[in-house]
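The first residue in the sequence is number 1, and the count goes up from there.
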Amino acid sequence: MVSSNVDALGIIFPNSYDATVPELVTERLMASIPFASRYRMIDFVLSGMVNAGIDNISVIVRKNYHSLMDHLGSGRAWDLSRKNGGLNIVPPFAEKAVKVYHGRVEALASILTFLRDQKEKYVIMADTNIAANYDFKDVINQHIATNADVTVIYTRRETSPEALAVNVEQGDMYYTLNLADGRVTDIKINPKEAGEHNLSMNIYVVNRELLIQQIEDAYVKGYPFYERDVLIPQVRDLNVQGYEYTGYLALITSLRSYCHENMRLLDEKNADALFSGNHIYTKVRDDNPSRYTSDAKVKNVMAADGCIIEGEVENCVLFRGVKIKKGAVVKNSILMQDTVVEENAHVEYVITDKNVTITSGKDVKGAMSYPFYVAKHKIV
């Protein structure tokens with residue numbers, strides 16, 4: 001862990017973009033979706049904050065948050081189990097003023113008293129639909145050097161058709177930036193133009209006093225969304241700077257993209273690009289190392305601890321405790337925690353949730369463009 005603190009606190013919105021992956025969030029939220037064989041999506045942004053020395057982090061949840069609370073616990077895995085600051089999970093109705101929110105303005109309005117009581121000068125706000133190895137200390141240094149009111153982290157990439165089809169009514173919008181000499185001059189919502197854009201990663205560094213003023217003004221006017229209702233109207237009046245993220249990232253916009261981004265990590269170069277920077281922390285599950293029997297045939301597999309492989313596995317991401325029995329064949333699939341594939345079953349282009357059992361002799365197949373999903377605790 002990084003010991004030198006920066007003068008910032010973190011706020012994470014774990015339910016943003018839930019609607020883009022409805023299959024995976026029936027009993028969880030975007031932040032607790034398993035990713036890369038042993039992690040959850042929140043681990044990346046949370047670890048980035050901790051690695052920057054941020055030790056005061058609030059997670060404002062909206063619904064389906066029990067799995068996230070189980071994963072985060074007291075925050076000990078991230079060195080956030082503290083008397084002062086540390087990890088603060090804010091569920092709806094935890095206090096009289098806290099309610100189920102629609103956008104960031106409503107979420108932040110419910111913790112305004114908390115924000116006023118804090119001492120940090122800056123606030124970092126982030127969603128959890130992107131897995132990346134963040135360097136928030138560098139972002140804050142640029143924010144200070146440019147005397148910015150707001151700094152927006154963005155990346156250069158094409159906007160996918162799935163991203164353009166998000167549920168605008170729920171506020172799950174994507175934003176692109178126009179910049180001039182590093183300063184943001186315009187912000188567009190779900191642009192239809194083809195080609196590369198400066199795609200906002202929905203991560204903002206804001207001066208805390210300015211943020212409080214923005215939320216107070218917006219909330220009394222009934223505005224729910226920070227980007228659309230607050231930042232866009234003020235973009236020419238404030239010094240809004242862009243910070244370009246050039247590293248590896250995985251953007252989850254659908255079940256297909258979830259499958260694709262996991263599979264990309266089977267390429268060693270991509271895995272190194274995501275994990276070779278600052279350390280990514282996660283909840284520890286004390287388990288035995290994965291075991292491969294003499295009959296096992298394994299090729300290009302990312303496997304977490306606790307797996308037992310007796311059959312044939314190729315091009316797969318296996319989470320903790322997965323068991324592939326003798327004679328089973330599993331290819332191009334993502335098997336989440338404690339999935340069991342019994343003898344002589346054949347599985348291809350399948351995503352299984354936790355504690356799924358594929359019984360003996362079953363043939364379960366999807367396609368790369370449309371992976372077959374098996375819900376949690378199901379027996380096929």
Side-chain angles (χ1 to χ4, degrees), residues 11-21 30-31 41 44-45 48 60 62 101-108 123-132 134 136 139 142-143 146 148-207 210-211 214-215 218 223-247 249-254 257:
I11 298 178
I12 298 174
F13 304 93
N15 284 103
S16 299
Y17 300 101
D18 280 358
T20 62
V21 281
M30 173 63 77
M41 290 298 295
F44 297 90
V45 66
I60 310 179
R62 184 166 61 196
Y101 63 87
H102 291 91
R104 288 189 180 187
V105 170
E106 294 176 339
L108 293 168
V123 176
I124 296 183
M125 302 186 293
D127 294 329
T128 58
N129 62 318
I130 296 176
Y134 300 101
F136 287 125
V139 180
Q142 178 184 300
H143 181 83
T146 58
D149 297 307
V150 181
T151 296
V152 187
I153 302 181
Y154 71 94
T155 186
R156 289 286 300 172
R157 67 184 293 154
E158 291 190 14
T159 308
S160 69
E162 297 158 328
L164 298 178
V166 295
N167 191 333
V168 176
E169 292 181 358
Q170 294 192 18
D172 291 339
M173 295 167 276
Y174 288 87
Y175 303 90
T176 60
L177 315 176
N178 290 344
L179 298 106
D181 298 324
R183 182 166 179 168
V184 178
T185 58
D186 192 22
I187 301 174
K188 296 181 179 179
I189 303 173
N190 289 17
K192 303 300 181 182
E193 297 88 352
E196 282 194 343
H197 297 278
N198 297 317
L199 179 67
S200 170
M201 296 171 66
N202 290 355
I203 302 175
Y204 303 89
V205 180
V206 190
N207 297 351
L210 172 63
L211 180 63
Q214 289 177 323
I215 300 306
Y223 295 155
F225 303 122
Y226 180 75
E227 296 88 342
R228 187 192 71 184
D229 300 325
V230 176
L231 198 56
I232 291 178
Q234 297 181 358
V235 72
R236 296 186 182 277
D237 299 323
L238 298 175
N239 180 10
V240 182
Q241 293 285 326
Y243 178 96
E244 184 177 5
Y245 177 83
T246 58
L249 63 84
L251 173 63
I252 308 303
T253 58
S254 65
S257 71

Using 0.5 Å steps for rounding, measure from the [atom1] atom of [X] to the [atom2] atom of [Y].
| X | Y | atom1 | atom2 | value |
| --- | --- | --- | --- | --- |
| R62 | D18 | CZ | CG | 6.0 Å |
| N129 | F13 | CG | CZ | 13.0 Å |
| Q234 | I187 | CD | CD1 | 10.5 Å |
| R236 | T185 | CZ | OG1 | 6.0 Å |
| N198 | K188 | CG | NZ | 10.5 Å |
| M41 | D127 | CE | CG | 10.5 Å |

Problem set entry | Of all pairs that satisfy salt bridge (charged side-chain N to carboxylate O under 4.0 Å, His left out), the ones with a partner from residues 196-207, not counting sequence neighbours | R156-E196

Exercise. Do side-chain atoms of Q142 reach the backbone of G242 as a donor and acceptor pair under 3.5 angstrom?
Worked result: yes

Exercise. So which of Y154, Y245, Y243 actually passes side-chain contact (heavy atoms from CB on, under 4.5 Å) with M201?
Worked result: Y245

For this session: Let me know which of I124, V205, N202, V139 forms a side-chain contact (heavy atoms from CB on, under 4.5 Å) with I153.
Result: V139

How far apart are the closest heavy atoms of [X] and [Y], and which atoms are they?
| X | Y | answer |
| --- | --- | --- |
| Q241 | A148 | CG-CB, 3.6 Å |
| L249 | A132 | CB-CB, 4.0 Å |
| V235 | V184 | CG2-O, 3.5 Å |
| S200 | V152 | OG-CG1, 3.6 Å |
| D229 | P233 | O-CG, 3.5 Å |

Side chains of [X] and [Y] in contact at under 4.5 Å (non-hydrogen atoms):
| X | Y | value |
| --- | --- | --- |
| I60 | R104 | no |
| M30 | T20 | yes |
| L211 | M125 | yes |
| I189 | R228 | yes |
| V240 | D149 | no |
| I203 | Y134 | yes |
| I252 | S257 | yes |
| L251 | R157 | yes |

Exercise. So, H197 versus T176: side-chain donor-acceptor pair below 3.5 Å or not?
Worked result: no

Problem set entry | V45/F136 under side chain to side chain contact (heavy atoms under 4.5 Å, CB included): CA gap, chis, key distance, verdict | CA-CA 9 Å; V45 66; F136 287 125; 4.0 Å; yes

For this session: If the plane angle is over 60° it's perpendicular, under 30° parallel, otherwise tilted; pick one for Y226 and Y204.
Result: perpendicular

